[in-house]
Amino acid sequence: MAKPRKVIVTCAVTGAIHTPSMSKALPVTASEIAEAAIGAAEAGAAIVHLHARNPEDGRPDQSPEAFAPFLGVIKQRSDCVVNITTGGAPTMPIEERVRPAATYQPEVASLNMGSMNFGLFQMLKRFPDLEHQWERDYVGNKDILFSNTFGQVEHILTTLGPNGTRFEFECYDTSHLYNLRYFADQGLVEPPFFIQTVFGLMGGIGPHPEDVQHMKRTADRLFGDTYRWSVLGAGRNQMPIAAIAAAMGGNVRVGLEDSLWCGPGRMATSNAEQVQQVRKIIEGLGLELATPDEAREMLSLKG
Ligand SMILES: C[C@H](N)CC(=O)CC(=O)O
Ligand SMILES: [Zn+2]
């Protein structure tokens with residue numbers, strides 16, 4: 001009897017896309033982020049993806065000091081894999097974005113594989129009464145260009161790579177897969193490549209099942225068995241995309257960074273609730289959740 005396939009669940013607990021007055025469940029303070037990460041790990045997430053925020057008004061904060069309080073607590077109370085963002089907020093300069101991961105040398109850091117228009121303004125329809133002016137300005141900005149040039153990507157690779165940090169390669173479209181292929185051919189990244197394909201974020205590829213197939217087919221052709229596939233669906237697409245990909249052999253990412261929902265019109269009460277929901281889907285398919293150590297094995301992490 002074949003052993004059930006292990007599925008790596010990543011939970012992105014707060015991010016820099018959603019803003020505090022959109023959802024009371026969005027972790028803002030360091031202790032809220034620590035509790036959310038530990039809760040997600042206890043619910044079955046092997047990897048937690050972390051951003052920091054200003055505890056006063058919830059603004060994205062990429063200063064290493066902002067990460068210290070929750071990184072310490074998470075390390076004490078959980079053996080989950082820590083993945084620190086290098087995306088920060090799409091409006092931040094690259095030097096600011098890379099600093100926390102350079103400082104803490106995590107097992108994993110996110111790496112965005114191409115520049116793109118970042119359309120947050122659609123969310124204003126769903127959240128017309130944002131409390132803070134900075135939220136309205138940030139979400140309403142139609143000119144956000146998320147810059148990830150070849151030079152900037154190379155800078156992050158050569159800054160973090162020597163620390164043994166490996167990457168969650170965020171690919172928002174097929175061109176980003178080709179960009180990763182280029183860096184692999186330059187010998188700047190080693191397999192297995194942990195490829196996080198992003199669906200339904202405005203400016204990137206759509207959330208249709210054919211988009212999922214297209215990204216996977218392209219990744220299979222470019223990387224064969226040298227990559228570990230994972231998916232994230234933005235907003236209402238989170239669970240449908242996770243279900244499709246889990247059935248197709250993929251790993252999954254959930255969390256309030258990517259979606260505030262737990263079903264049509266039902267807001268998630270916590271990150272752990274989304275991990276529990278995707279766990280039901282995965283186990284319903286006869287698959288099992290990977291433990292943090294199994295994820296370390298599957299992704300060749302430094303531990
Ligand atoms: C769509 C996600 N916000 C991708 C992300 O998590 C980027 C990063 O932090 O580097
Ligand atoms: Zn992120």
Side-chain angles (χ1 to χ4, degrees), residues 9-19 22 26-27 33 36-37 40 45 47-53 59-62 66-67 70 81-102 104 106 108-120 122-123 138-139 144-149 152-153 155-157 159-160 165-173 176 179-180 194-207 211 215 230-238 241-242 245 251-261 271 274:
V9 173
T10 296
C11 188
V13 301
T14 188
I17 289 178
H18 298 121
T19 62
M22 290 178 184
L26 191 72
I33 293 171
I47 304 177
V48 291
H49 170 71
L50 303 172
H51 290 241
R53 292 183 182 265
R59 260 175 233 263
D61 182 343
Q62 198 67 3
F67 284 72
F70 57 73
V81 173
V82 166
N83 165 346
I84 293 179
T85 181
T86 69
T91 47
M92 290 175 181
I94 200 75
E95 269 319 316
E96 187 181 347
R97 286 167 45 187
V98 74
R99 206 165 291 132
Y104 298 108
V108 179
S110 61
L111 182 53
N112 299 275
M113 295 312 296
S115 300
M116 58 182 290
N117 293 338
F118 221 76
L120 302 180
Q122 287 283 67
M123 291 194 286
Y138 178 61
V139 177
I144 296 179
L145 173 55
F146 188 25
S147 179
N148 297 290
T149 64
Q152 290 168 329
V153 170
H155 174 62
I156 295 178
L157 285 172
T159 303
L160 303 183
T165 293
R166 296 182 62 78
F167 299 95
E168 176 196 38
F169 298 107
E170 317 272 2
C171 296
Y172 302 75
D173 224 322
H176 298 176
N179 296 348
L180 176 56
F194 184 39
I195 299 179
Q196 187 69 261
T197 49
V198 180
F199 299 94
L201 200 146
M202 194 173 172
I205 197 166
D211 296 317
M215 285 287 267
S230 185
V231 302
L232 81 83
R236 72 168 73 83
N237 306 298
Q238 184 177 63
I241 292 280
N251 300 289
V252 302
R253 180 170 130 165
V254 295
L256 299 180
E257 168 166 351
D258 306 332
S259 173
L260 296 175
W261 309 99
N271 282 276
Q274 289 183 345

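For ligands, and for the atoms within them, numbers begin at 1 and follow the listed sequence.
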For atom 10 (O) of ligand 1, what is the closest protein heavy atom, and at what distance to 0.1 Å? Ser110 OG, 2.7 Å
His49 near ligand 1, heavy-atom distance under 4.0 Å? yes
Shortest protein contact, atom 4 (C) of ligand 1 (heavy atom only): Tyr172 OH, 3.2 Å
With heavy atoms and a 4.0 Å threshold, my read on which part of Ile17 contacts ligand 1 is side chain
Could you grab the distance from atom CG of Asp258 to atom NE2 of His18, nearest 0.5 Å is fine? 8.0 Å
Under 3.5 Å between some N or O of ligand 1 and some N or O of His51? yes
Closest to atom 9 (O) of ligand 1 among protein heavy atoms sits Thr85 OG1, 2.7 Å
Return the orientation label for the Phe70 and Phe67 ring planes: parallel under 30°, perpendicular over 60°, tilted otherwise. tilted
heavy-atom search around atom 1 (C) of ligand 1 in the protein gives Leu201 CD1, 3.5 Å
Just to confirm my output: which protein heavy-atom neighbour is closest to atom 7 (C) of ligand 1, and how far is it? Asn112 OD1, 3.4 Å
After noting the C-alpha distance and the side-chain angles of Leu111 and Val153, does the key distance pass the side chain to side chain contact (heavy atoms under 4.5 Å, CB included) rule? CA-CA 7 Å; Leu111 182 53; Val153 170; 4.1 Å; yes
Checking the side chain of Arg53 only, and the main-chain atoms of Thr14 only, is there a donor and an acceptor separated by less than 3.5 Å? yes
Specify the closest pair of heavy atoms between Phe199 and Gly206, including all atoms of both residues, with the distance to one decimal. CD2-O, 3.4 Å
Nearest to atom 5 (C) of ligand 1, what protein heavy atom do you find, and at what distance? Glu257 OE2, 3.4 Å
Specify whether Tyr172 and His176 have parallel, tilted or perpendicular ring planes, treating 30° as the upper limit for parallel and 60° as the lower limit for perpendicular. perpendicular
I'd like to know if the side chain of Ser110 and the backbone of Thr86 have a donor-acceptor N/O pair within less than 3.5 Å. yes
Residue Glu257 atom name (nearest to the Zn ion (ligand 2); N/O/S): OE2
In this structure, the Zn ion (ligand 2) sits at the vertex of an angle between NE2 of His49 and NE2 of His51 that rounds to 10° as 100°
What about Gly87: any of its N or O atoms under 3.5 Å from an N or O on ligand 1? yes
Which is closest to atom 2 (C) of ligand 1 in terms of heavy atoms, Gln196, Arg253, Arg97? Arg253
Whether the side chain of Asn148 engages the backbone of Gly114 through a donor-acceptor N/O pair (distance < 3.5 Å, no angle test) should be reported. yes
Side chain to side chain contact (heavy atoms under 4.5 Å, CB included) between Gln238 and Leu232, worked out: CA-CA 6 Å; Gln238 184 177 63; Leu232 81 83; over 6 Å; no
